[in-house]
Amino acid sequence: MKKKTNSFIVVYAALPAAIAAAVFVGCRKSSTPAQTDRMLIRLPLFTKIQTLDSGNLTDVYSLGIASQIFESLYEYHYLKRPCELVPLLAEEMPQISDDHLTYTIRIKKGIFFQDDPCFPDGKGREVTAADFVYALKRIANVKYMSQRWPDWNGRIVGLDEFREFTKGFQRELDVDYSRPVEGLQALDDYTLQFKLTKPWPQLAWYLASAVTAPAAREAAEYYGRDIMYHPVGTGPFRLKIWQRSFYIELVRNETWHGGFYPAEGEPSDAENGYLADAGKPLPFADAILYRIIEEFQPAWLMFLRGDLDMMQIFKDNFSQAVNPDTLTAAPEMSERGIRLLVFDDPSVFWVGFNMQDAVLGPNKPLRKAICRAIDRQAANRLFFNGVHKIAYGYLPPGLEEYDPNIVHTDYARYDPAEARALIQEAQALFGGPIPPLTIAIPGTSNLDRQIGQFLQKYFADVGLQLRVDYMDWPTYLDGLNKGKLQIFFSGASPSIPDSLDMLMAFCSWNWGYGGNHFYYSNPQFDDLYRQVEGMFPGPERTRLCRRMERIMLDDYPAAFLSHRVSIAIIHDWYKNAKPHVFSYNTAKYRKIDLEQRSRYKKLLKELKKTQK
């Protein structure tokens, strides 16, 4: 979900993940661009985003937009499953030394940054290997304060020393980026080389993220702190307008190097129409419009009017949109040419505890009592229409290290009687009654408030008082990163298909901005993580990952609630909308059948006549 506060991506249960390119919802008509016959993709965005600066993308919302602007060395094949990496800005997959410590990567020639005022005469220049080096040095720069540094901490020969070097400067832009780093070099304009401190099997996955896209130093110096509002990338789209709190519009990057729709995929792709555009040039759309709204009902009404191309299904419109027996579109929806996409999203949601909190941190019986106090089945029925999967542990199904036997444990057991007994222990340990506790929930919608009231009820049932702070997303993230929140409702998805990406959230060296918002620390967990991180997939690695999960679960740093099963609803005119849970740069593959969209408006007029 998510998603970075470390390498995993932060998400929130009541908000949709980036199923397609991103998601988008409308506000006032006067606040959005005029519609024309151009191919415009219209998507909802259910929260405000903080930045489009590639080196500091931390959540699914900003990644979903920025990934249409920035490009990385590699990308996920759009259609193939299981996930497969293919070259994007790289000529080929990395050349890896026999000891797995040196990666040499050839860069494609003829890749240009988009035109932008930061360049002489406003014309984008050619990308070189030095731009990738600069991007990663920038993440390492202490003064830049990237939340993505934990991905690279201790990985690259000399990069940690470069980070120490940057501490001697006053500002980010004062740092001498010409200082060499042995393990991060541009051997020539089109050859990049990494030297690792130890094997890192996940490196190629990280090189498929917009976070590692080439960065133009001219842009950082030209825009300064405002770079977060002025992304300068090489991708198929560029930012045209960002009207904060209202909408974001991307338009085609006319200088893009080009690409083609894939000609192969899964066996079912031809039947499902995902190969109809095989071999055709990309992108199809002229523009993408993301409208921002923090209530779901207006988005649903816009979708039914045909003003949105797809959106996530939420609690209040589930019965109208979905046949619950088959998880297919309800008849009324099918008659309109509307269908569903249902797929497992490897995510997990939780009620998290700040282990540095004076009340919760030293009191394991209290944390365990809260875990026993929450009825996860009831939460699933009330808020997710019974579609989600109960989280009996932390790692979600779909990852190789997921333990199917976790369902036989009692970490997620609802037992209010045991919770009350544990609270008696907790009070004795605390030295008196447990004071009121406070949970932070990111959002102010009706659903957010219903979740808060649900938790208050179950806390009260076992004798605990719970206060709820409803926050906007930036305020909530700031509180998470600075350890200001006592209890927090949150969730995450792995940014790559690897369990270590999730388990990193409990490493003691990743407190706060590193992604460990629980401020959890267990030396045994840390030691196992260090042992596993250089191992390639195999039975022993799987065993140790599962052991790490159990060690953490035994400490009760959170009450894990559910793993998401996502349901997206789309109009039939929105083509090539195959979900990909790890890829964000998907908008270039999507297209609109404008004739079908026009016919839908006529259909609505006919439906209104029959309803009179």
Side-chain angles (χ1 to χ4, degrees), residues 4 6-7 54-56 72-74 85 89-107 127-169 172 175-209 211-215 217 495-496 498 500-501 504 507-510 513-515 526-537 541:
K4 159 165 164 189
N6 58 335
S7 41
S54 61
N56 234 334
S72 48
L73 288 165
Y74 302 102
L85 289 182
L89 298 185
E91 284 279 6
E92 58 189 5
M93 298 305 292
Q95 298 175 15
I96 306 174
S97 62
D98 291 341
D99 60 5
H100 297 282
L101 293 178
T102 302
Y103 285 61
T104 305
I105 301 170
R106 292 288 298 170
I107 310 299
V127 172
T128 68
D131 297 311
F132 293 90
V133 172
Y134 171 70
L136 292 179
K137 282 184 174 180
R138 189 166 173 249
I139 289 173
N141 185 351
V142 167
K143 302 304 179 180
Y144 175 55
M145 295 188 294
S146 172
Q147 297 179 50
R148 303 307 298 251
W149 168 247
D151 298 348
W152 301 90
N153 185 12
R155 306 286 197 185
I156 306 296
V157 175
L159 193 59
D160 289 62
E161 289 76 9
F162 178 81
R163 182 173 176 84
E164 285 298 314
F165 164 73
T166 66
K167 292 180 180 179
F169 295 85
E172 173 208 342
V175 170
D176 179 9
Y177 282 100
S178 67
R179 180 185 174 98
V181 172
E182 180 184 349
L184 181 61
Q185 295 188 49
L187 302 184
D188 58 43
D189 282 349
Y190 304 105
T191 308
L192 179 66
Q193 187 177 81
F194 295 91
K195 291 184 179 179
L196 308 180
T197 58
K198 54 190 170 183
W200 187 16
Q202 300 81 25
L203 174 58
W205 296 116
Y206 285 107
L207 298 178
S209 168
V211 175
T212 58
R217 187 168 180 177
S495 63
I496 63 173
D498 191 287
L500 286 189
D501 195 60
M504 189 188 291
C507 294
S508 63
W509 54 86
N510 284 332
Y513 283 99
D526 288 348
D527 289 345
L528 280 175
Y529 188 94
R530 288 303 193 196
Q531 180 181 344
V532 171
E533 63 180 345
M535 297 174 66
F536 287 83
R541 184 184 192 273

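None of these values were measured; they are calculated from a predicted model.
Proximity of T102 to Q193: side-chain heavy atoms (C-beta onward) are separated by under 4.5 Å at one or more points. Using a 4.5 Å cut-off on side-chain heavy atoms (C-beta onward), E533 and R155 make contact. When side chains are defined from C-beta on, V175 does not count as touching Y144, because their heavy atoms never get closer than 4.5 Å.
Within the 3.5 Å criterion, the main-chain N or O of G154 finds a donor-acceptor partner in the side chain of D160.
Expressed to the nearest 0.5 Å, how far CG of L184 lies from CZ of F132 amounts to 11.5 Å. Considering CZ of F536 and CD of Q202, their distance stands at 8.5 Å, rounded to 0.5 Å. In this structure, L136 CG and N141 CG are separated by 12.5 Å, a value rounded to the nearest 0.5 Å.
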Determine, stepwise, if the pair D498 / Y206 fulfils side chain to side chain donor-acceptor pair (under 3.5 Å).
-> CA-CA 11 Å; D498 191 287; Y206 285 107; over 6 Å; no
Stepwise, does the side chain to side chain contact (heavy atoms under 4.5 Å, CB included) test hold for V211 with I139?
-> CA-CA 9 Å; V211 175; I139 289 173; 3.8 Å; yes
Between N56 and S146, is a side chain to side chain contact (heavy atoms under 4.5 Å, CB included) present by the stated rule, with each step listed?
-> CA-CA 5 Å; N56 234 334; S146 172; 3.9 Å; yes
Please lay out, stage by stage, how I96 and F194 fare under the test side chain to side chain contact (heavy atoms under 4.5 Å, CB included).
-> CA-CA 10 Å; I96 306 174; F194 295 91; over 6 Å; no
For side chain to side chain contact (heavy atoms under 4.5 Å, CB included), just list the numbers for Y529 and L500, CA-CA rounded to whole Å, side-chain angles, deciding distance to a tenth of an Å, and then say yes or no.
-> CA-CA 8 Å; Y529 188 94; L500 286 189; 3.7 Å; yes
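Residue M145 qualifies as open at atom CE: its count of foreign heavy atoms under 6.0 Å is 12 or below.
By the 30° and 60° cut-offs, the orientation of the rings of F165 relative to F162 is tilted.
In this structure, W200 has its ring center under 6.0 Å from that of W152.
In this view, A135 and A215 satisfy the side-chain contact (heavy atoms from CB on, under 4.5 Å) rule, not counting sequence neighbours.
Salt bridge annotation for R179-E161: absent, with no cationic side-chain nitrogen under 4.0 angstrom from a carboxylate oxygen.
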